[in-house]
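Atoms considered below: every heavy atom in the structure, side chains included; atoms not considered: hydrogens, waters and symmetry mates. Counting starts at 1 for both ligands and their atoms, in listed order. The first residue of the sequence shown is numbered 1, and numbering continues consecutively from there.
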Amino acid sequence: MAERYWQKEIETASREEIRAIQDERLVKTVKHVYDNVEMYRKRMDEAGIRPEDIKSVDDLKKLPFTTKQDLRDYYPYGLFAVPTKDVVRLHASSGTTGKQIVVGYTQNDLDVWADIAARQLYAVGADENDFIHVAYGYGLFTGGFGLHGGAGRIGATAIPVSSGNTDRQITILQDFGSTVLCCTPSYAMYIAEQIKAKGIDPKTLSLKAGIFGAEPWTEEMRHQIEEMLDIKAYDVYGLTEIMGPCVSYECSAQTGMHVNEDHFIVEAIDPETEEVLPYGVPGELVFTCISKECCPFIRYRTRDIGVLTVDKCSCGRTFVKMTKPKGRTDDMLIIRGVNVFPSQIETVLLRMGYSPNYKIYVDRVNNTDTLLIHVEMNEDMFSDTVAKIKEHEKALEAELRSLLGIGADVKLVSPGSIERSMGKAKRVEDKRKLIGG
Ligand code: ADP
Ligand code: ZN
C-alpha cells in the first residue's frame, strides 16, 4: 500500500495542531502579499491594517475580501505575488460565468497541488496499482492536470484521455483496465448511458471508483452513477482561483469533502452582511490560501453556498468538512421572488425516476417569470399514449411545486434528445438575462 500518501500526521492532526499551522502560515502569507501585491498593500493601508496586526486565524476577519472582479481588474498578472520568471504554469477558469481569469503556479505550488490530489486519490482507495483515467479536460482548465498530478504522486498509472470522444473513452476503459474514472458527474452519467446502450456489462470493467466534481450534482445522481457503473462515486471540489480540483476531497464516508486546511483556511459567510457564520449554517464559502507562492488570494469569495462541519468523521480525518455546494449564488434563479437552485429540480427528477438529463428555461411573459423544464422521458414511457405522458408531466409538476414552492411547467421530451455535456453541463437558459431583466 502507498502508505506514504495517507498523510496521517496532518490529515488526522488535532484541531489545535491544525490551527497552529494555519496561524503560522497565515502570518507569513499576509506579509508575502503585502510586500508583493499592490492591490493587497493598498487595501490593507486603506483599512489601516499592518501585516503585523495579523497574528493568528482570529485576525482573519480584519482582512478585506478578494473577488472574481479583482482578478478581472488585475488581469492577467497584476495579482501575482512572485515575478513571472518563477511561474512555471498558467491556468485559466473555464469561463462559465463571464470573462476568463488567469492564475499562475510556482513549482512549489504545483507540488502542493499534486500532494492534495494524491490525498484525494488515496482517500478513494487508489495506490500505485491503479489506473487513473482522467477524462477531465486537459488544457487551461485545471481539471485534467490536477488529478493527473495526483496520480503521478501516488505512483499510479495516469491515463490522460481528456474529455470528449466517448466511444474512445469506453474502449480505453475496456482495454486499458482503468480503475478510477475522473470527470464531471454529467460526463460520467453520459459515459454510463453509452456503456448501457452498447450492451456492455459494467461488471466486466475494472472500474471501482469515480472522482467527480467541477459542477454541482445531487446525492440522487451519485446513486444513479454508482449503480450504472457499478462503482463508488466520490465528490471533489475546487476552483481555479484557489488551486483547481482537490481544494477539498471526499473520503470513504461519502458525506462531504474535507478541506485541505493546512493549505487553505475556509470560512462560511452571510453573502449579504459578510458576517462569518458558525459551523453548521449554510453560507458562501470563502477561502484563504496559506501556502501558495504565486496566487495566495486572501478571503476569496467563491459564491458557492455550502455548510461546514467539524464533527468526527468515520475515516479518521480531522479537516473541516464542507457539503456539496448546491450551486453558486450566480446559478441561483429568482423566480417570482422565490430562490431556486437547479440542483433542487434535479433532486425531484431523480427521485421520481427520471435521468439527470434536463434543461431549465426561464423567461418573463407579461411581467411574470415562467419556468419550463424539459425532461427526458424514460425508455418505457416512449410508447405511452399522449394522455399518459400528460399524466406523468402533471405528477412531476405537482412534486416540483411542493418542493420549490412555485409552479413549473414540465415537458417530457424523447430519450437522448437533450444535449449531453463532456465537461460542465449547461442546464439553464435564462432568457430574462438576454432582454436585460
Ligand atoms: P469556472 O468558474 O469558469 O466554472 P472553475 O473550473 O474554476 O471555472 O470552476 C470552479 C467552480 O466550479 C466552483 O466555484 C464551483 O462553483 C464549481 N464546482 C467545483 N467543484 C464542485 C463540486 N464538487 N460541487 C459543486 N460545484 C463545484
Ligand atoms: Zn472523512
Side-chain angles (χ1 to χ4, degrees), residues 6 8 11-12 67-69 71-72 91-103 119-120 122-125 136-147 163 182-188 210-219 221-222 225 233-261 264 266 284-287 295 297 300-307 309-332 341-343 346 421 423-427:
W6 169 219
K8 192 170 177 200
E11 290 180 85
T12 66
T67 65
K68 195 159 202 151
Q69 190 55 44
L71 274 75
R72 292 188 176 131
H91 277 289
S93 83
S94 47
T96 316
T97 56
K99 183 175 157 50
Q100 72 165 5
I101 50 98
V102 61
V103 292
R119 288 181 190 168
Q120 167 73 89
Y122 183 86
V124 311
Y136 283 112
Y138 279 70
L140 282 173
F141 174 55
T142 52
F145 282 101
L147 269 305
S163 60
C182 309
C183 60
T184 59
S186 50
Y187 195 38
I211 298 176
F212 306 131
E215 63 181 2
W217 54 313
T218 55
E219 273 313 302
M221 186 152 160
R222 186 205 304 261
I225 295 174
Y234 299 90
D235 202 358
V236 62
Y237 170 88
L239 62 167
T240 315
E241 296 86 325
I242 299 304
M243 189 63 107
C246 307
V247 168
S248 64
Y249 59 116
E250 203 165 52
C251 61
S252 52
Q254 291 182 298
T255 50
M257 295 166 279
H258 292 284
V259 176
N260 282 294
E261 286 187 286
F264 316 107
V266 64
E284 177 181 344
L285 301 176
V286 171
F287 288 93
C295 291
F297 298 142
Y300 183 77
R301 289 189 61 164
T302 62
R303 295 178 292 178
D304 292 324
I305 303 292
V307 181
T309 50
V310 272
D311 303 338
K312 213 169 159 42
C313 185
S314 59
C315 77
R317 288 177 184 79
T318 46
F319 288 157
V320 158
K321 256 165 57 170
M322 57 177 266
T323 54
K324 269 177 189 307
K326 61 177 171 180
R328 306 188 217 209
T329 45
D330 346 4
D331 295 336
M332 189 181 77
F341 277 101
S343 56
E346 182 176 306
S421 160
K424 295 186 187 227
K426 287 203 174 60
R427 294 203 170 97

Below a 4.0 angstrom heavy-atom separation, can you tell me which part of [X], side chain or backbone, both or neither, approaches ligand 1?
{"X": "Phe141", "value": "side chain"}
{"X": "Glu215", "value": "backbone"}
{"X": "Met322", "value": "neither"}
{"X": "Thr240", "value": "both"}
{"X": "Asp304", "value": "side chain"}

Ligand 1 to [X] polar contact by distance, N or O atoms, under 3.5 Å:
{"X": "Thr142", "value": "no"}
{"X": "Met257", "value": "no"}
{"X": "Val236", "value": "yes"}
{"X": "Thr302", "value": "no"}

query = Under the criterion salt bridge (charged side-chain N to carboxylate O under 4.0 Å, His left out), which of Lys321, Arg222, Arg317, Lys324 is the partner of Glu250?
reply =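 Considering Lys321, Arg222, Arg317, Lys324, a salt bridge (charged side-chain N to carboxylate O under 4.0 Å, His left out) with Glu250 is found only for Arg222.
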ask   = According to the interplanar angle, ranging from 0 to 90°, do the rings of Tyr122 and Trp6 count as parallel (below 30°), tilted (30 to 60°) or perpendicular (above 60°)?
value =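 Tyr122 and Trp6: parallel rings.
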Do you know the tightest heavy-atom contact between [X] and [Y]?
{"X": "Thr142", "Y": "Pro245", "result": "OG1-CD, 3.4 Å"}
{"X": "Pro185", "Y": "Met221", "result": "O-CE, 3.4 Å"}
{"X": "Tyr136", "Y": "Thr184", "result": "CE2-N, 3.5 Å"}

query = Does Lys324 have a heavy atom less than 4.0 Å from any atom of ligand 1?
reply =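 The answer is no, since Lys324 has no heavy atom less than 4.0 Å from ligand 1.
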key: Contact with ligand 1 for Lys424, non-hydrogen, under 4.0 angstrom   =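 Flag set, Lys424 near ligand 1.
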[X] versus [Y]: any side-chain heavy-atom pair under 4.5 Å?
{"X": "Arg119", "Y": "Cys246", "answer": "no"}
{"X": "Val247", "Y": "Asn260", "answer": "no"}
{"X": "Tyr249", "Y": "Phe319", "answer": "yes"}

Using a 4.0 Å cutoff against the non-hydrogen atoms of [X], which atoms of ligand 1 qualify?
{"X": "Asp235", "answer": "22 (C), 23 (N)"}
{"X": "Ser93", "answer": "3 (O), 8 (O)"}
{"X": "Lys68", "answer": "2 (O)"}

message = Salt bridge or not between Glu241 and Lys68? Use side-chain N to carboxylate O under 4.0 Å.
response =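 Here Glu241 pairs with Lys68 in a salt bridge, since their nearest N and O are under 4.0 Å apart.
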Under the 3.5 angstrom rule, does the side chain of [X] hit a backbone N or O of [Y] as a donor-acceptor pair?
{"X": "Ser186", "Y": "Gly423", "result": "yes"}
{"X": "Thr323", "Y": "Gly306", "result": "no"}
{"X": "Glu261", "Y": "Val266", "result": "no"}

query = What protein N/O/S atoms are found closer than 2.8 Å to the Zn ion (ligand 2)?
reply =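 Checking every protein N, O and S atom gives Cys251 SG, His258 NE2, Cys313 SG, Cys315 SG.
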task = Any chance you could lay out the ring-ring contact (aromatic ring centres under 6.0 Å, His included) test for Phe145 and His91, step after step, and finish with the verdict?
result = CA-CA 10 Å; Phe145 282 101; His91 277 289; 5.7 Å; yes
